[in-house]
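Working notes for the structure below.
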Amino acid sequence: MKQVKILAQYYVDLMVKLGIVRFSLLLALALVALAVVVQVSVTLVLHGTVNDIDIVRSVTFGLLITPWAVYFLSVVVDQLEDSRQRLSKLVTKLEEMRSRDMELNKQLQDNIAQLNLEIEEREKAEEAREEAMHDLENEVYQRENAQVAVAEQSALLKSFLDASPDLIYYRNEKNQFSGCNRAMSELVGKTEKELVGLTPWDVYPEEVAKKIIKTDEELFNEDSAMTDEQWLVYPNGKRALFELRKVPFYNRNGRRLGLMGFGRDITERKKYEDALEKASSDKTSFISTISHELRTPLNGIVGLSRMLLDTDLTDEQRGYLRTVHVSAITLGNIFNDIIDLDKSDRRRLELMPKPLDFNEFIDEMGNISQLMAEQKGLRFDLECLTELPKNIEVDSTRLRQVLWNLIGNATKFTKQGGVILSVSSEIHEHDADIIFEVEDSGVGIPKSEIDNIFAMYYQVKQGDDNIHAVGTGIGLAVSRQLVQLMGGDITVHSEVGEGSTFTVKIRVPLVEDVIEEEIVTEVKPELTGLSIFMVEDIELNITVAKSLLESLGHEVMVAMRGDEALAMFKPEDYDLVLLDIQLPDMTGFDIAQKLREKYQDLPALVALTANVISDKSEYLEKGMDEAISKPLSVKAITSVIENLVLSCSYEEDEINDLTDTNSDGTGPSDKMIDKLLDLEMLTSYVDIVGTKPVYASIEMFEKMMPDYIAILDSNMVAKDQDGIKFEAHKIKGAAGSIGLKHIQQVAQKAQSPELPAWWENINDWVDEIKNGYQNDIDVLKTWLKQYEK
């Protein structure tokens, strides 16, 4: 069947290819040929021979049948062709449909695959969503925990910041506050919410704000931390000195947000520094006072022993006296070292160069050194190796101190042999180089010690004999500093067992002849001829003070013991009484108390003390009218006479009256009460309202005063004149309201900066208020009780 289809398709294709005419001719020929072949074949089979007629008949038959066959075949072919074309179209349509079905099927498959993929992805997305929801729940839980932790940490940090006594605050670059701790809120008197958004101009006084804004700008311009000190005022008026530390503040991306500020209250530190400075000043005053106190007897010993050495003495007496003389000089040298040590600590070692006869100076050094050497049985030689300048300008006291120190050490560490002082010079046109060499034959100094001997407080262990330095351990250190101030230096060369040589080199100006200093006498007070009673137990002090007072034209009577003074004293015989505090049998305070108990009217009682007087209140409270330091000076005694003798009233000495008591010692005297209290105001007030409101006012005053004093102290430390004035004014008003006249008067002085020497006196006035107001309140309470009776 397949072959028939192929043959029919071939037939149709051939007819289409040849055309109907040519195909018909070809078909006719083929039919004729076929007829001939069939006729011949049949004839041959039947007859065995082929005749021409047979061939003609075959051809004729072929020709006759050909049209019909062509027509038939043509129709068939046409129909077949139509069928084929329709079939072809149908096939094409089927192919198209099949192709479309395949495309649709593919699309369907793709859609199914996409749908399956989407379903799978949705399933995965659902799983992912569920997992994400689980993760989100965990994250929310963690975030909640983290927020709780952050909140707790924030609260803890806030509590920590609020618990800090230091100021902590934040400001943005517009100088606006962004936050602060409690200490800062207390300082400015605003809560953190109230402070946020404000600038220093809104918070501080103009002067303070101006400085703060300036430092903020410097910090932002330089982008670096800054530290400054600033006095700030609390809402209650209390001043405090803060050390302010400011640092730039950045976010996590490094962008600057503003600044963070930290402030530490260093008011107490400031007080300690002031106290330290005052202590240093007091130490200097103490050393100065000790200097006067010790030099008075020391100079007497040196002078008198020197005078006695020129008299007829036995060898034994002369030896003892030389020992006394040299010991006094040595003690003076040690004391000079102590004084210079204090000055060295304060970097105040000073030179006072004056013209000096150099030859006389060398002779003096030789004489003193001879005595020091003879005391130990040593030989002393003074050698002038070159010509020396006649007059030079130098601080002779300091140079003498250096040489005495070196010669003293040389004699101290020399057992046998001697000490040599060699002096040489190189004289130039306007100055001279002076060289002193102090050579001894002592134990020497180990090389390991030489670099240390000029160190402060260093005491050398010398030689194998274990000879140790004795004394202050500061002489060489101070000596080197003094020589270096003179533009020179001290060097040393030494060998153990061979002795030591100290060399001093200085350069000094040359001067003309030394001019004798004129003796300047101090001006005596206008009033002379006073009768002064002095109680003093040291004869040397008596000699000095009596000589001074008599030179001023006064008559002096002396008692050396307390009982002797009480027996001798008659108030009408004397204009002034000078009482030494330390006596063999009692104190000057005891004498003052007994005199006040015994007599109603007394001349001024003035304490004489060797101590440094930094606060006279103790002396005044114990019955003295004034206190002055020994030794007496013309200035001090003149001031006492002018203030306590020439003036009949004691307005400048009110504190003395505050210590008066009744003769039986039972309570304050009427005189003291009148000085302390405004009796006229109190009497009038109590008569009208009674004592109860006064007691209530006193109680309120006692509660207020500690705050007043604390603020006053802070202003004193800050040296804020306006603040001191303002707080003193409040104290004055409060004291006046309850009749504390004395406190009111002192506060009046404290609030009056226009008074002469106000800054010099304000410390005393403030101390008087602080130390006296409670005593005055007690007096007021006592008066109220007596008034009630």
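We're numbering straight along the sequence, starting at 1.
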Checklist line | Criterion side chain to side chain contact (heavy atoms under 4.5 Å, CB included) against M557, the qualifying member of M568, K546, M534 | finding: M568
Next item on the list: Determine the sole option in D678, I673, L677 for which the side chain to side chain contact (heavy atoms under 4.5 Å, CB included) test with L780 is passed.
Entry: L677
Next item on the list: Start with the C-alpha distance between E207 and K211, add both sets of side-chain angles, then the distance that settles salt bridge (Lys or Arg N to Asp or Glu O under 4.0 Å), and finish with yes or no.
Entry: CA-CA 7 Å; E207 183 178 352; K211 182 177 180 181; over 6 Å; no
Check: Going by distance alone, is a donor N or O of one side chain under 3.5 Å from an acceptor N or O of the other, for H742 and E768?
Finding: yes
Next item on the list: Taking atom types as modelled, find out whether Q744 and K732 have a side-chain donor-acceptor pair closer than 3.5 angstrom.
Entry: no
When you compare the side chain of [Y] with that of [X], does any pair of heavy atoms fall below 4.5 Å?
| X | Y | answer |
| --- | --- | --- |
| L259 | Y170 | no |
| Q176 | L198 | no |
| K270 | E273 | yes |
| V694 | S697 | no |
| V558 | V556 | yes |
| I724 | Q721 | no |
| L576 | P603 | no |

Polar side-chain atom of [X] near backbone of [Y] as donor-acceptor pair, under 3.5 Å:
| X | Y | answer |
| --- | --- | --- |
| S714 | A240 | no |
| D202 | T199 | yes |
| N715 | I711 | yes |
| W758 | K749 | yes |
| T587 | D590 | yes |
| S164 | D166 | yes |
| H554 | S531 | no |
| D625 | L605 | yes |
| E217 | K214 | no |
| S185 | K190 | yes |

Next item on the list: Go through the steps to decide whether L244 and E229 satisfy the test side-chain contact (heavy atoms from CB on, under 4.5 Å), and finish with yes or no.
Entry: CA-CA 6 Å; L244 299 178; E229 292 184 2; over 6 Å; no
Could you check whether [X] pairs with [Y] (Lys NZ or Arg NE/NH1/NH2 to Asp/Glu carboxylate O, under 4.0 Å)?
| X | Y | result |
| --- | --- | --- |
| D720 | R239 | yes |
| R182 | E192 | no |
| D216 | K210 | no |

For the atom pair [atom1] ([X]) and [atom2] ([Y]), what is the distance rounded to the nearest 0.5 Å?
| X | Y | atom1 | atom2 | result |
| --- | --- | --- | --- | --- |
| D537 | D580 | CG | CG | 5.5 Å |
| F249 | R171 | CZ | CZ | 14.0 Å |
| E727 | Q751 | CD | CD | 11.5 Å |
| L578 | F533 | CG | CZ | 10.0 Å |
| F177 | M184 | CZ | CE | 4.0 Å |
| K594 | I591 | NZ | CD1 | 9.5 Å |

Next item on the list: Could you please spell out the steps behind the side-chain contact (heavy atoms from CB on, under 4.5 Å) verdict for V577 and F569?
Entry: CA-CA 9 Å; V577 179; F569 180 76; 3.6 Å; yes
Margin query: side-chain contact (heavy atoms from CB on, under 4.5 Å) for F242 and L167? Distances and angles first, verdict last.
Written below: CA-CA 9 Å; F242 285 92; L167 307 180; 3.7 Å; yes
Notebook entry, point to check: Can you list the steps and then say if E702 with Q774 is a side chain to side chain donor-acceptor pair (under 3.5 Å)?
Noted result: CA-CA 8 Å; E702 288 179 308; Q774 191 61 55; 3.1 Å; yes
Minimum heavy-atom separation for [X] to [Y], with atom names?
| X | Y | value |
| --- | --- | --- |
| T215 | M226 | O-SD, 3.4 Å |
| D776 | L740 | O-CD2, 3.9 Å |
| G588 | L579 | O-CD1, 3.7 Å |
| N236 | K730 | O-NZ, 4.4 Å |
| I532 | Y574 | C-CD2, 4.1 Å |
| L187 | P235 | O-CD, 3.2 Å |

Item checked: Parallel, tilted or perpendicular: ring planes of F701 versus Y773, cut at 30 and 60 degrees -> perpendicular
Notebook entry, point to check: Does NZ or CZ of R245 come closer than 6.0 Å to the centre of the six-membered ring of F262, within 45° of the ring's axis?
Noted result: no
Margin query: I'd like to know whether K770 forms a side-chain contact (heavy atoms from CB on, under 4.5 Å) with D713, so could you lay out the CA-CA distance, the side-chain angles of the two residues, the decisive distance to 0.1 Å, and finally the verdict.
Written below: CA-CA 10 Å; K770 291 164 57 179; D713 277 341; 3.3 Å; yes
